[in-house]
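Remarks on the structure that follows.
Excluded from the calculations below are hydrogen atoms, water molecules and symmetry mates; all remaining heavy atoms, backbone and side chain alike, are included. Every chain is numbered from 1 and lettered A, B, ... according to where its sequence line falls, protein lines coming before strand lines.
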2 protein chains.
Amino acid sequence: MGNIAGTADEIIRCARSLIIAGGYNGFSYADISEVVGIRKASIHHHFPSKVDLVRTLLVQYRQEAEAGIAELERHHPDPVDQLRAYTGYWAACIGDPTSSFCVCALLATQIPVLPPEIVLEVRAHFRALSAWLTAVLEKGAQRGRLAFSGTARSEAEGFMAAVHGAMLSARAYGDDQVFRVVTEPLIERLVAGRP
Amino acid sequence: MGNIAGTADEIIRCARSLIIAGGYNGFSYADISEVVGIRKASIHHHFPSKVDLVRTLLVQYRQEAEAGIAELERHHPDPVDQLRAYTGYWAACIGDPTSSFCVCALLATQIPVLPPEIVLEVRAHFRALSAWLTAVLEKGAQRGRLAFSGTARSEAEGFMAAVHGAMLSARAYGDDQVFRVVTEPLIERLVAGRP
DNA sequence: GACGGCCATCCTACTAGAAGGTAGGCTGAC
DNA sequence: GTCAGCCTACCTTCTAGTAGGATGGCCGTC
């Protein structure tokens, strides 16, 4: 039973949801072993150290994010729709405790106590996300679909920060609605040609 | 040596900066004992359990925040200036590792693994901050100093989320500038009577 | 097709150190 | 005399990580 990459994948999936719940120091090999139904030592077989596990997890997460964005761009040629699809994706995740936060955003809060290898991956995700949002805003402005006062870059940073802050507020209040309340006006404000 | 409340206060101050660095599970009594120059057992004398310590810390933090806002309102009667003073306060904090993040915002990220007593305090801070921002925005709109499309409440939630997200981005990039890049347009957008 | 080696997977059993916390004794100020 | 403050010494549980053994599938060889 269990295909070749099955167990390692299950460990990563489990670790991911545990990180989303409590961050890097908020979970242990023992926690994973309970959920996956495997001994601690067996986890060390797949991932020699905790840093190995989390770094692998992050590399995979970033690949998934990149693939997700590529898919999103195929489905939605319009920049406005792309922004809506992005926030819509997270709005759908917010309700599910195992995916209600961006892993990189959560780890970013703990950067001062994180192993440097992990920090590298987290930084890379922020840069990639910011670059994509900047490109979307630039494209939207060129096509006359979006309008904003500052640079595309600063506007993208503001957008990203607001989305992350919205995740945080949803968690703080224990109210999923807050995410939509914050993110929906965010896009409407950028759409060109409103009163 | 050490005045009456001296040691307990030093412990709290130390714990606060440790939480800002790595959250609830990111510090231990041993860490505090090293910094303060006191034995672990002596910390337990002042704060029997970790929950006691952090709850006390949060109660004090919330009082300080309340006092700070009251002071801020005395110095700045104008709602626009109040918003600027608020973000300006955090802009000044961002550079200092011991105060570069709101303790409650950082703890909020770990709510699923936090003791319930701590969650209560964190929630209370978010509600208080949101209520204050809502009041400022309402007052600003009444006086014709601020203009926005949604309700004052939803606008306040968006403002707070953006500020928290800006703290996160500054930490993620390791670049203090990002905080200002995100928060400055935030206020300018709300100021009434622009082109 | 049987044989033997190889290797991935998972196990039991263990380690050293760190976690939060306790018991009880000393000291010095009021 | 009492008690706050701090200490040494200790406890239990959890932490990541290690050593080494069982199992079992896959390989080429005869």
Side-chain angles (χ1 to χ4, degrees), chain A residues 1-19 21-58 60 107 110 112-119 121, chain B residues 1-58 60 106-107 110 112-119 121:
Chain A
M1 70 172 88
N3 34 1
I4 296 157
T7 305
D9 236 49
E10 209 173 340
I11 292 169
I12 283 189
R13 229 186 347 263
C14 176
R16 187 193 286 199
S17 67
L18 287 171
I19 288 177
Y24 189 80
N25 293 312
F27 78 102
S28 70
Y29 273 43
D31 295 329
I32 297 175
S33 85
E34 268 180 44
V35 176
V36 178
I38 206 178
R39 297 287 147 163
K40 279 195 317 163
S42 305
I43 304 173
H44 280 285
H45 168 74
H46 292 281
F47 307 98
S49 78
K50 196 176 181 180
V51 171
D52 287 318
L53 168 56
V54 177
R55 205 194 48 240
T56 308
L57 181 159
L58 286 177
Q60 184 178 309
L107 287 175
Q110 304 172 353
V113 298
L114 250 38
E117 302 97 314
I118 308 299
V119 175
E121 295 297 330
Chain B
M1 69 172 87
N3 34 1
I4 298 158
T7 305
D9 236 49
E10 209 173 338
I11 292 169
I12 283 188
R13 226 182 354 257
C14 175
R16 188 194 285 200
S17 67
L18 287 171
I19 288 176
I20 286 168
Y24 189 80
N25 292 312
F27 79 102
S28 70
Y29 272 43
D31 296 329
I32 297 174
S33 85
E34 268 181 44
V35 177
V36 178
I38 208 179
R39 298 287 147 163
K40 278 195 317 163
S42 306
I43 304 173
H44 280 286
H45 168 74
H46 292 282
F47 307 98
S49 78
K50 197 176 182 181
V51 171
D52 287 318
L53 168 56
V54 177
R55 206 192 49 239
T56 308
L57 181 159
L58 286 177
Q60 184 179 310
L106 212 146
L107 288 175
Q110 304 173 352
V113 298
L114 251 39
E117 302 96 314
I118 307 299
V119 176
E121 295 297 329

Euclidean distance, A/Gln60 CD relative to A/Arg55 CZ, rounded to 0.5 Å: 13.0 Å
B/S/- contact track for nucleotides 16-22 of chain D, protein heavy atom under 4.0 Å: BBBB---
Between C/dC10 atom C1' and A/Ile32 atom CD1, what is the distance in whole Å? 16 Å
Answer yes or no: is there a side-chain heavy-atom contact under 4.5 Å between B/Asp31 and B/Val35? no
To the nearest Å, give me how far apart CZ (A/Arg39) and P (C/dC10) are. 13 Å
Between atom OG of B/Ser33 and atom CD1 of B/Ile11, what is the distance when rounded to the nearest 0.5 Å? 10.0 Å
Minimum side-chain heavy-atom gap B/Ile19-B/Leu57 below 4.5 Å: yes
Rounded to the nearest angstrom, tell me the gap between atom CD1 in B/Ile43 and atom C1' in D/dT8. 15 Å
Nearest whole Å is fine: how far is C/dT9 C1' from A/Glu10 CD? 14 Å
Within this structure, what is the OH-NE2 distance for the pair A/Tyr29 and A/His44, rounded to the nearest 0.5 Å? 5.0 Å
Can you see which heavy atom on A/Leu107 is nearest to which on A/Leu114, and at what distance? O-CD2, 3.2 Å
I want to check one thing: is the phosphate of C/dC11, taken as OP1 and OP2, less than 4.0 Å away from some side-chain N or O of A/Ser42? yes
Gap between atom CZ of B/Phe27 and atom CG of B/Leu53 - 0.5 Å precision: 5.5 Å
Using a cutoff of under 3.5 Å, can you pull out all pairs of nitrogen or oxygen atoms linking the protein to nucleotides 28-30 of chain C, with atom names and distances?
none

Could you tell me how far apart B/Asp52 (CG) and C/dG20 (P) are, to the nearest whole angstrom? 13 Å
State which residues pass side chain to side chain contact (heavy atoms under 4.5 Å, CB included) with A/Val113; sequence neighbours excluded, sorted by chain then number. A/Asn25, A/Gln110, B/Ala21
Quick one: is C/dC10 close enough that its OP1 or OP2 comes under 4.0 Å of any side-chain N or O from A/His45? no
